[in-house]
Amino acid sequence: MSFDSLGLSEPLVRAVHELGYTTPTPIQTQAIPAVLNGGDLLAGAQTGTGKTAGFTLPILQRLNTMPAVATASGKRAVRALILTPTRELAAQVEESVRAYGKYLKLKSTVMFGGVGINPQIGALRSGVDIVVATPGRLLDHMQQKTIDLSHLEILVLDEADRMLDMGFIHDIKRVLAKLPPKRQNLLFSATFSDEIKTLADNLLDSPALIEVARRNTTAETVAQKIHPVDRDKKRELLTHLIKQHNWFQVLVFTRTKHGANRLAEQLTKDGISALAIHGNKSQSARTRALAEFKDGTLQVLVATDIAARGIDIDQLPHVVNYDLPNVPEDYVHRIGRTGRAGATGEAISLVCVDELQLLKDIEKLIKRPVPQEVIAGFEPDPTAKPEPILRRGQGGGGGGGNRQPRQSQGAPKRDGASSAKPAQRSGQRPANGQQQPKPQGAKPAGNGGQPRRDGQRHDGQPRAAAHEGSAAQHAPRKPHGAKPQGSNPGALLGGAKPRNDAPRGGQPTRSGQRGR
DNA sequence: AAAAAAT
């Protein structure tokens, strides 16, 4: 199977090939012809399955093929709208659109909150074909009448379940109400709650159905490991691990925003360059942290679950769960940040007694125990009692009325400096972790803290296509270090009994085409 | 229970 046999035109295939992809993933194989068909689509797919290319490629082709439309002012009209739950994801999707559309004349832009609205208005005025947006800012534009969607032909709701979880349903309905009724709708969701089904029923007209087996697990290329540890020794252990192995690009997840801030500060004190990323950070701080982490300037990125989905970093070697996530599914999303596109990765979880129940839930979900390894010097106190803080909500699927109206959280915190890095860096990084982290503050002041919204990379390397990445399929590799090495594996923390391996994910389970 | 998203 190849991209041109899916019906994509030469300029798209050329862009895809130049980005290093030759073989479509299962979801691409199914979604691309379905979208080219012009009908609606309901797709069950998570990030990391090649989903983004699955809709951006055929959308580009359709817009390129269909006769261009002009607005009253004579500029190109917005014909495709892609909504995503987070700003970072919106930026990434638009990068993909740009990368894949490199040889086409189509124009795209991204818009979300937390940054100035005027540049966005300017971009819209100059005329764009494709808009990628988060719901809030899009509504803002609609109310201010700075966006004209009267020529819209294609609508995509990406990570629709996440958007509903985040309380976007009302915003989405308000957007939908103002769109031209005759259009192609694509809905992507990792899960299918009753809410999603209702949304799909209302939105989609006899959609094609595509489902790719859930990645409930954990690519084979990710080696997972638990380090049992006392709750108050976690930070020390993390520092120890990073320094001992000289890890150079570590994504660390915490449960709370406050926890992320604290940990980043402490790591910095320990001589490790670290920044936190979460929803209370200013957009410029978020953008900067992500950019520095991606280009290797930053050794550690401490994140809340804002980064659990979607965020894609090439060849990210290490993910650490400093806290286990409250929702088992998020474990899968988190560790899915590593081992992407066939590369090997390592997912380490620091687990204290409080988190045993969460661990059990996770092992049940992924249908396998995670090997445990106690690190010498960090043996957990066997008499420690769990503190009954953590409870997991969310029953089987239908239930949780998790509605939360948006509420203002006050001004985002400005974390100090207005430094953004000047463009630099060759794009190479040492292959073996020799890179020394720069101390904080050593960077020259940059462009006044303007966030990068332009989707360009510092190093100018094409990479957007790596999102949802692995267009190409790679031979599965054995995870390295899958066996616990070192001292008493399995000590102290009762995990699930070893079972035979879980079934591999990644195969399509169901597909339907239909004409319209 | 936490997180995210418009000002």
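In what follows, every chain begins at residue 1, and chains take the letters A, B, ... in the order their sequences are listed. In this text, all values refer to a predicted model and were calculated from it rather than measured experimentally.
Applying the 4.0 Å criterion to OP1 and OP2 of B:dA5, one finds that A:R286 has a side-chain N or O inside that range. At the phosphate of B:dA5, neither OP1 nor OP2 sits under 4.0 Å from any side-chain N or O atom of A:T86. Checking the phosphate oxygens (OP1, OP2) of B:dA4, no side-chain nitrogen or oxygen of A:R162 falls inside 4.0 Å. At B:dA6, one or more side-chain N or O atoms of A:T134 fall inside 4.0 Å of OP1 or OP2 (strictly under the cut-off).
Comparing B:dA6, B:dA5, B:dA3 against the side chain of A:T304 picks out B:dA3 as the nearest. Of the listed nucleotides (B:dA1, B:dA3, B:dA5), B:dA5 has the atom at the smallest distance from the side chain of A:R87. Out of B:dT7, B:dA4, B:dA2, the shortest distance to the side chain of A:R137 is found at B:dT7. For A:T256, the listed nucleotide lying nearest its side chain is B:dA3; candidates were B:dA6, B:dA3, B:dA4.
With respect to A:R231 and A:E355, no salt bridge is recorded, no charged nitrogen being found less than 4.0 Å from a carboxylate O.
A:I121 places its CD1 atom 13 Å from the C1' atom of B:dA6, with the value rounded to the nearest Å. As rounded to whole Å, 14 Å separates atom C1' of B:dA5 from atom CD1 of A:I277. Distance CD (A:Q283) to C1' (B:dA4): 12 Å, rounded to an integer number of Å. Separating the CG atom of A:D161 from the P atom of B:dA3 is a distance of 19 Å, rounded to the nearest angstrom. Taking atom CE of residue A:M163 and atom C1' of nucleotide B:dA5, one finds them 11 Å apart after rounding to whole Å. Straight-line distance from the CZ atom of A:R174 to the P atom of B:dA5: 17 Å, rounded to whole Å. Straight-line distance from the CZ atom of A:R334 to the P atom of B:dA3: 10 Å, rounded to whole Å. The distance from atom CG of A:N326 to atom P of B:dA4 is 13 Å, rounded to the nearest whole Å.
With 3.5 Å as the limit, one finds a donor-acceptor pair spanning the side chains of A:Y331 and A:Q224.
Residues satisfying the salt bridge (charged side-chain N to carboxylate O under 4.0 Å, His left out) test with A:D270, not counting sequence neighbours, are A:R235.
Atom CD1 of A:I306 is separated from atom CZ of A:F253 by 10.5 Å, given to the nearest 0.5 angstrom.
Close placement of the A:F378 and A:H240 rings is indicated, their centers lying within 6.0 Å of each other.
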